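Structure, as structure tokens:
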Amino acid sequence: MTGIKELLLSRIRDVADYPEPGVMFKDITPLLADPAAFTALTDAFAEIAERTGATRIVGLEARGFILGAPVAVRAGLGFIPVRKAGKLPGATLSQAYDLEYGSAEIEVHAEDLTAGDRILIVDDVLATGGTAEAAIRLIHRAGAEVAGVSVLMELSFLDGRPRLEAALGGAPLDALLTV
């Protein structure tokens with residue numbers, strides 16, 4: 001795993017003061033542009049999907065779509081987008097959650113998740129864990145089981161892991177990189 005970590009880290013660019021002063025943004029677009037790095041990332045996530053017994057992949061808007069869809073294809077599983085409120089047509093389930101300043105809401109098509117599904121949630125970054133925790137609640141409300149959460153990068157200084165581990169109830173939380 002050391003080789004893949006070095007490869008992935010070498011393709012993530014730090015952008016100072018973005019989106020606001022004092023923030024060091026982790027830009028994954030160079031990783032996505034490199035076929036070897038993107039393939040290695042997709043393969044690593046697909047191995048986690050297999051290990052956890054996932055039956056479907058959920059990607060969180062928006063970078064979770066970019067990462068999760070090829071994982072679903074590689075693993076031979078269906079892909080389900082979890083979107084910001086108001087972006088999906090038809091009947092949806094929604095889950096509100098708190099942000100640092102205010103609140104937000106995510107949605108999924110009601111018919112996309114069913115009892116018996118084992119869902120692996122895929123996203124790019126684990127920060128405070130709010131969005132992933134809301135996705136876990138949404139999946140449980142739909143009657144499905146969460147097989148785990150997998151992220152490319154965990155920002156450990158934001159302490160999202162304890163929040164998610166409590167919500168996961170023993171399901172694994174895999175971060176390929178921790179910064």
Side-chain angles (χ1 to χ4, degrees), residues 1 4-33 37-38 40-42 44-45 48-49 52 54 57-72 79-87 93-108 119-141 146-179:
M1 188 62 134
I4 187 174
K5 287 183 180 187
E6 290 172 358
L7 174 62
L8 298 176
L9 276 173
S10 74
R11 301 304 189 272
I12 296 172
R13 177 176 55 155
D14 286 342
V15 180
D17 299 321
Y18 183 83
E20 58 187 53
V23 173
M24 182 62 73
F25 185 77
K26 300 293 188 183
D27 181 14
I28 68 167
T29 58
L31 187 155
L32 300 174
F38 196 15
L41 173 61
T42 300
F45 278 149
I48 293 167
T52 61
I57 303 294
V58 157
L60 303 181
E61 189 166 336
R63 288 177 298 271
F65 298 173
I66 297 168
L67 302 181
V71 171
F79 176 78
I80 301 168
V82 169
R83 307 250 6 227
K84 295 175 183 169
K87 301 286 185 177
L93 292 173
S94 64
Q95 180 68 49
Y97 62 101
D98 291 329
L99 300 169
E100 187 175 353
Y101 302 104
S103 63
E105 192 172 359
I106 55 173
E107 294 179 332
V108 68
I119 307 298
L120 178 66
I121 300 168
V122 173
D123 205 5
D124 65 330
V125 173
L126 170 59
T128 63
T131 306
E133 180 185 35
I136 291 167
R137 289 184 180 158
L138 192 60
I139 291 163
H140 286 154
R141 285 184 41 231
V146 176
V149 173
S150 292
V151 296
L152 166 59
M153 188 174 6
E154 177 181 354
L155 305 179
S156 60
F157 59 92
L158 292 175
D159 294 323
R161 180 171 286 272
R163 178 181 192 170
L164 272 195
E165 286 177 338
L168 281 166
L173 169 56
D174 291 292
L176 299 180
L177 304 171
T178 302
V179 295

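Only this structure's heavy atoms are used, side chains among them; waters, hydrogens and symmetry mates stay out. Bear in mind the structure is a predicted one, so any value in this text is a computation, not a measurement.
The NZ atom of K84 sits 11.5 Å away from the CD1 atom of I106 when rounded to the nearest 0.5 Å. For the atom pair CZ (R141) and CG (L93), the distance works out to 5.5 Å, reported to the nearest 0.5 Å. For the atom pair CG (L60) and CD1 (I80), the distance works out to 11.5 Å, reported to the nearest 0.5 Å.
Within the structure, every pair that satisfies the salt bridge (Lys or Arg N to Asp or Glu O under 4.0 Å) test and touches residues 130-140, not counting sequence neighbours, is listed here: E133-R137, E133-R163. Applying the salt bridge (Lys or Arg N to Asp or Glu O under 4.0 Å) rule to pairs touching residues 169-179 yields R51-D174, sequence neighbours excluded. Evaluation of the salt bridge (Lys or Arg N to Asp or Glu O under 4.0 Å) test over residues 61-71, restricted to residues two or more places apart or in two chains, returns E61-R83, R63-D124.
The minimum heavy-atom distance between S150 and I48, with the atom names listed, is OG-CG2, 3.1 Å. Nearest heavy atom pair, residue F45 against residue V151, reads CZ-C, 3.6 Å. Shortest non-hydrogen contact noted between A167 and I136 is O-CG2, 3.7 Å. Across every non-hydrogen atom of A44 and I4, the tightest pair is CB-CD1, 3.7 Å. What you find for F79 and A72 is that their closest heavy atoms are CB-CB, 3.8 Å. Nearest heavy-atom pair, A175 versus R161, reported as atom, atom and distance to 0.1 Å: CB-NH2, 4.0 Å.
When the side chain to side chain donor-acceptor pair (under 3.5 Å) test is applied to S94, the partners found at least two apart in sequence or on another chain are E105. For D17, the side-chain contact (heavy atoms from CB on, under 4.5 Å) partners are P21, not counting sequence neighbours. Residues passing the salt bridge (charged side-chain N to carboxylate O under 4.0 Å, His left out) test with D27 are R13, sequence neighbours excluded. Partners of S156 according to the side chain to side chain donor-acceptor pair (under 3.5 Å) rule, which considers only residues two or more places apart in sequence or in another chain, do not exist here. Residues satisfying the side-chain contact (heavy atoms from CB on, under 4.5 Å) test with A54, not counting sequence neighbours, are A49, T52, L77, L120, A147. Looking at residues two or more places apart in sequence or on another chain, you find a side chain to side chain donor-acceptor pair (under 3.5 Å) between T131 and Y97. Applying the side chain to side chain donor-acceptor pair (under 3.5 Å) rule to D159 yields no partners; only residues at least two apart in sequence or on another chain are considered. Every residue two or more places apart in sequence or in another chain that forms a side-chain contact (heavy atoms from CB on, under 4.5 Å) with L32 is listed here: I28, F38, I66, L67. Partners of F65 under the ring-ring contact (aromatic ring centres under 6.0 Å, His included) rule, at least two apart in sequence or in another chain, do not exist in this structure.
The only member of V149, L173, L158 that meets side chain to side chain contact (heavy atoms under 4.5 Å, CB included) when paired with L126 is L173.
Other residues, nucleotides and ligands place more than 12 heavy atoms under 6.0 Å from the CZ atom of F25.
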Checking V108 against I139 for the side chain to side chain contact (heavy atoms under 4.5 Å, CB included) test, could you report, in this order, the C-alpha distance in whole Å, the side-chain angles of both residues, the deciding distance, and whether it holds? CA-CA 9 Å; V108 68; I139 291 163; over 6 Å; no
Test I121 against V82 for side chain to side chain contact (heavy atoms under 4.5 Å, CB included), laying out the working first. CA-CA 10 Å; I121 300 168; V82 169; over 6 Å; no
Report the C-alpha distance between L152 and L31 in whole Å, list the side-chain angles of each, state the deciding distance to 0.1 Å, and finish with yes or no for side chain to side chain contact (heavy atoms under 4.5 Å, CB included). CA-CA 11 Å; L152 166 59; L31 187 155; 4.2 Å; yes
Run the side chain to side chain contact (heavy atoms under 4.5 Å, CB included) check on V58 and L138 step by step: do they pass? CA-CA 11 Å; V58 157; L138 192 60; over 6 Å; no
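Proximity of K26 to D14: side-chain heavy atoms (C-beta onward) are separated by under 4.5 Å at one or more points. Residues V179 and L155 meet the side-chain proximity criterion, which asks for heavy atoms closer than 4.5 Å. For the pair L177/K5, a side-chain contact is recorded, criterion being any heavy-atom separation below 4.5 Å from C-beta on.
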